Amino acid sequence: METNINFEPKIIAFVCNWCTYTGADLAGTSRLKYAHNVRIIKLPCTGRIDPLFIIKAFEKGADGVLVSGCHPGDCHYTSGNFHARRRWILFNQLLNFAGIDNRRVHFSWVSASEGRKWVDVINEVIETVRKARPFVGYSKMNKEYVYNE
Amino acid sequence: MYRIKKQDFSKIIDELIKTGNRIISYSNNGNDFKRINSSNELSINSNFKPSKLSLKEIVFPKTEPLFYYKRTNDNVELKDIKFDSEKTIIIGAKPCDAKAFSTISKVFNWDYKDNFFNSKYENTIIIGLKCDYKDEYCFCNEVGLSQSSKEGSDIFIELDGDDYFIYILSEKGKNLLQPFMSYLIEEIKESKVDDIDNIIDLNKVRTWITDNFDNNFWYSISQECLGCGKCAFICPTCHCFDIVDENYTYFEGRRMKNWDACQFGKFTLHASGHNPRDIQAKRYRQRIAHKFKYYFDKFDELLCTGCGRCSRECPVSINIFDVIKEINAK
Amino acid sequence: MNNLYNIAKDLFSTNKVDLIIGYKSIDSRRTKPIFVSSNEDVDHLVFNEYSLNNLSVYLTRKDIKKYNKIGILAKGCDIRAIVQLINENQIEREKILIISKKCNGVVKDFGLEYNEENIAEKCKSCKVRTPKVFDLMIDSEEEKKLPEPTISSRVNELDSMTPEERFEFWRNEFSKCIRCYACRQACPLCYCERCIVDKNIPDWIESSPTQRANFSWNLIRAFHLSGRCIGCGECERVCPVDIPLSLLNAKMGIVAFKEFNYATGMEIGEPTLVGNYSNEDNEDFIK
Amino acid sequence: MKIGVFVCHCGENIGKTVDCPRAAQESAKIPGVVISVDNKYTCSDPGQNMIKNAIKEYNLDGVVVASCSPHMHEKTFRKAVASVGMNPYMCEIANIREQCSWVHDDVEEATKKAIDLIRIAVEKVKRNFALTPIKVPVTKRALVIGGGISGIQSALDIANAGYEVVLVEKEPSIGGHMSQLSETFPTLDCSQCILTPRMVEVYQHPKIKLLTYSEVEKVEGFIGNFKVTIKKKPRYVDETKCTGCGLCTQKCPIKKAPNEFEQGMIKRTAIYVPFPQAVPNIPVIDNTVCTYFRTGKCQMCVKVCGKEAIDFNQKERFVVEEVGAIIVATGYSLYKIDKKPKDSPIKGYGEYGYGIYPDVIDGLQFERLASASGPTAGEIKRPSDKKEPKKVVFIQCVGSRDESKGFSYCSKICCMYTAKHAMLYKHKVHDGEAYVFYMDIRSGGKMYEEFVRRAIEEDDVKYIRGRVSRIYEDGGKYIVKGEDTIAGIPVEIDADMVVLATAIVAQNDSKKLAQTIGIPYDKYGFLNEVHPKLRPVESSTAGVYLAGACQAPRDIPESVAMASAAASKALVLFGSDMLEREPTIAKVNESTCAGCFYCQKVCAYNAIEKKEIKDRNGNFVKYVAYVNPGLCQGCGTCNATCPSKSVELIGYTDEQIFAEINALATL
């Protein structure tokens, strides 16, 4: 087996400013601990999160992607997360059909008060991606970008 | 001219594979071509219709890196491409495909010598095959070629029962077969000249194009054109390319050379937003004029070998030969 | 008699159209698009099982939009594209005069003989062989039974693979892509003035036909067509390297139907799938 | 681009887990970074001065502060850079405390993460634009929709501050539900006595333009610049001529229309004034019952009117008002339990016999029975036989707090008004018995609990905790079958009259109005505030404020408080000539926009408009989307939806996010 189950997956998280980002702040303020593998990119709203971001994250070497925002009905911008949800229903299944399955692409609602949930989500995502092993499919394609001496 | 038994030819191929050569042969009824690993995979068939994609990608790949770069805070480091020395031997190229190699080598060796092209072309040996295929889209005979044209081939094969007739046409061809001359039996054969029955007067076509740059004709023949790049990409002689930089990590990237097509609206789009070829008619005119006039004016060759791929595959059935016929009839 | 010739003649002589987009025969098994702007060329028009092109692709073109009233020959599937274009503010219903017929399927590609074996896959599962939206109907044969569709079983086949196998399958298929963009150009719903792949700051989708960029390109195109593709199959037909694009589009069609009970381009004025939402949208996959 | 990076230790908070000097060194290698330093407390004055000095010394174009969450100190640092002339939007925060040092233990990994987070911020700031707040002129004039107590309060507050107000009321008179009430809890003040002066004040106020019998038809524009079309329904009485003498209403021969104000308990004439204290005191003709409108004859009112004020030819008229703020105060309506609303999941309370038994009435009907100006002149009499009821049962929570048959919410005011009703009944019928069926008593409010206790202890109202299962008639009595859940026994009361505290529901046209204005509403039709705690009187559409029970069930003091709060929000807006708005809004690339208008569909703020593009010769080229900077709130949903990325969110452009992702790239 060329891959190691103990590898440290690289996760890129796209989160909304008002709920999940604030929830992640709360996890910090509460001094909760979670795995270090996640890098957050802050957007104003889940409505701003484009499928292109997810694709690009994989192109740039992510093993998994997390998208998170306000619970339905809590959107700071009224309906951004509803539109996002419909977009993800479609995109999630398309990705799955293309072989990028739900072990690598994760979605969650984390409110500003759910610091604990944020921690649980992160840890769960990291464990799932770890089990899925490095994204060999993409790294194969990425290989041609490496200079061949 | 030589005669060789088919099984002996296969032996040569196996030997060449063993010595590390890349052998390209047709598959899937001639629709595709691929690298083969044994002479068993060879298919030499003069009745194949031209493959869907042309052979040009062997010397002019759809995408290739030109160099790699690495940035630091105050410096950029460049890494050049090392060229592959592997020999590629194409077996059974149609006269229209074989000719295309020598045609486009002119543009890649005009004022600037394109090493990306040359490094591959120099290492490519083209074994042509007399063609017995003709359909309503073929018109090689109208562009100065024929089904038995040997232009562009290093070696040329004609089928004769269980044997092949082999013509050695170039130094490259000669060197390739040198170790295998024992399989070849020299034979003098009267070479038959194909009857060529031309209907197109290419001089007249060129003159008309020159005089009718703004003719409404260009609009009328291209109205249905969708503006895709299929014709250019499957064409054995279309050679336009685009150069783009790709940043693939934080500090590193590479410069790429990719196929491009004059039928794309973006092809001539300026940064200012102005587009000199703003409508499809102008782009289609460019395609015809480049193939039948500009290239000829510059290199004394047509940029078309009459393979008919573009017409055969056009999503909206535009037939380039019909267009030339129409111009000819004016 | 309501044959095509009479209808077209009548439309021009009563000034009901300025242009008819139709098909003309090249030979017995081929047609190509033709733009007829007067009575004189009407006799070129045909509408048969070799009328493959989805002519609605021309309706969004600037030079065509200049006409006040455009007649168009459209099969049931093509009409779905017209309806979707209307629903996406691209064309006005009043400007389009749809001439249709009952359809018994078309062939897979030009040059093939029309018989059971050669009927295009999309026709076998078509629900609008007798169109619902149209202006004029030409006399046509009644619907006859077509062979059973196989597309959903092909989708199921892929679904039953492991994700890694599916990824390899598509990586292989997409790696063939040469970026000629014939799929995009033949697609009636790909009417963007600047395709996302042509946007270079930033280059979300690299223009190089590398495996990775091809993967992204084909995936994003499929996403942009999710809930919008009407299944005319032109993308797959025109693809020079035979990427099974219909498989992707069919899958997304199935998803749209299963998740939202939505089928594209069936009714003028119907809310689009993307751009609207329901409080009840499925969120089982969201933590 | 010259970028400065400032890594904050935050004392031990960051420094203990993140190797700040190393993070600063690594950051210095990022292309574009010309200075990268670490610092004990960057938010302190010396820390801020360090940034300011570096900006001057290195001539920086952008600053990244790696410190606590941007929600903590982004404003602080932006202010600091602005003080030395840098555009505040050229400062970005890398959150290495809340989202790094505080949540990780491993120094090596936390440091790596901190460097990544700094890289993300550097790449973003390199692509930031210097932005200036958008300025929008403000029309200092308000529209108040609804002339109940909330609308009256808002209108008076704004008008008294010196700004013009347009007050729109759909009924012929202002006053709303409060004018129907007999007394108010917990003081038992006479409702009309305290309301009527306010109504008159509105009518006479030089700054208030009162449009009664009118409805809002269309709202265009955005905060500070609304254009509102108001439909004036025909009264058939010329308001400029009528003196309100009332002769026409006395002489009108049609006397059988149900009197809405009296909750249908008595009849009124075809030409009528809703109630004696109506403002304006101008009658209106009900053309559905008026003989003239039905047969073309009669014209009695025309004959008796000395002022020739009757005008049968009046048509709907539309007036357009330009205002800067809108206050919605459309109030509530009562749950009509006799009919199951069409297409509604609500099951209703058929078993209580409302609408079948004349003496099973709702709270507002009881208010009218108890009111001195009501149909019985304040004497409690059964509607059926006008006899004084000796035993009255009050049932609370009819439709409220009942997910299976009504609504899950609490209607909030019923506990109090039921106590008031029972008390009023006992005060008027000394030998009567009053029973109240309740679930819980919710009497939060100043003097509220004391009020309920008074009903129980001083006025001997019998409170039974439990629900009523059924009411049926038996020999002139209403048998109320219920349960006493404290005693655990079934209860049966032979009442003379039953009063149901039916749920407060949204006005039946509230959704339509919300759509007209472009503000959200909840599943019940109540209008939504933008933040339930901190912005309770603002809708999500800037410049539109909410007052009173249109937002949720409210009692009078709350409604008045909300109304004044909403008025003060409008006054804050009117306090400046130009309105400043966050510049992080969407912008359309008109040359690439194909006009599919998916952006318009997903915009929650109606901020996307259709714009016509013409060529040099004035010929139409195409329609493109246009973002109204006054309405856009910067969520970016349009940007993600646009297939060609022809609309971009400034501050979160595609280029920026791409660069942020790229900053994390590895192969």
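Note that the structure is a prediction, hence the values are computed from the model and not measured. Reminder, nothing fancy here: chain letters follow the sequence lines and each chain counts from 1.
For C/F174, no part lies near chain A; criterion is any non-hydrogen pair under 4.5 Å. Interface residue C/L219: backbone and side-chain heavy atoms are both found under 4.5 Å from chain A. For C/E168, the part lying under 4.5 angstrom from a heavy atom of chain A is the side chain only. Using a 4.5 Å cut-off between heavy atoms, C/F260 touches chain A through its side chain atoms alone. Both the backbone and the side chain of C/N276 have a heavy atom closer than 4.5 Å to some heavy atom of chain A. The parts of C/L248 that come within reach of chain A are both its backbone and its side chain, each placing non-hydrogen atoms under 4.5 angstrom from that chain. Only the backbone of C/D203 comes within contact range of chain A, judged by heavy atoms closer than 4.5 Å. For chain A, no part of C/T162 is nearby; none of its heavy atoms comes within less than 4.5 Å. Both the backbone and the side chain of C/N279 come within contact range of chain A, each with at least one heavy atom under 4.5 Å from a heavy atom of that chain. Of the atoms belonging to A/F58, not a single heavy atom falls under 4.5 Å from chain C.
Classification of C/K132 and C/E267 as a salt-bridged pair fails, no side-chain N sitting under 4.0 Å from a carboxylate O. A/R85 has no carboxylate O lying under 4.0 Å from a charged side-chain N of C/E280, or vice versa, which leaves the two without a salt bridge. In summary, A/R130 and A/E8 engage in a salt bridge, as defined by a charged side-chain N under 4.0 Å from a carboxylate O. Using a cut-off of 4.0 Å between Lys/Arg side-chain N and Asp/Glu carboxylate O, A/R87 and A/D50 are scored as not salt-bridged. A salt bridge is defined here as a Lys NZ or Arg NE, NH1 or NH2 lying under 4.0 Å from an Asp or Glu carboxylate O, and C/R237 with C/D109 meets this definition. Salt bridge present: C/D281 and A/R86 bring a charged side-chain N and a carboxylate O closer than 4.0 Å.
By number of non-hydrogen pairs under 4.5 angstrom with chain C, the leading residue of A/E124, A/R104, A/H83 is A/H83. When C/D159, C/D284, C/V255 are compared by the number of non-hydrogen pairs under 4.5 Å with chain A, C/V255 comes out ahead. Note on A/A98, A/S68, A/S79, A/G137: by heavy-atom pairs under 4.5 Å with chain C, the leading option is A/A98. When each of A/N92, A/D120, A/V125 is scored by its heavy-atom pairs under 4.5 Å with chain C, the top score falls to A/N92. Contact count versus chain C (heavy atoms, under 4.5 Å) is highest, among A/L94, A/I55, A/D101, for A/L94. Ranked by heavy-atom pairs under 4.5 Å with chain A, the first of C/G227, C/S216, C/A213 is C/S216.
When only modelled atom types and interatomic distance are considered, C/Q90 and C/Q84 share no side-chain donor-acceptor pair under 3.5 Å.
For the ring pair (Phe, Tyr, Trp, His ring centres under 6.0 Å) test with C/W217, the passing option among C/W204, C/F223, C/Y181, C/W170 is C/Y181; the others fail.
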Quiz item: Do C/K124 and C/E148 pass the side chain to side chain contact (heavy atoms under 4.5 Å, CB included) test, and can you show the C-alpha distance, the side-chain angles, and the key distance before you say yes or no?
Solution: CA-CA 6 Å; C/K124 298 173 190 167; C/E148 284 303 308; over 6 Å; no

Quiz item: For C/E236 and C/C183, what are the C-alpha separation, side-chain angles and deciding distance, and is it a side chain to side chain contact (heavy atoms under 4.5 Å, CB included)?
Solution: CA-CA 7 Å; C/E236 185 169 300; C/C183 48; over 6 Å; no

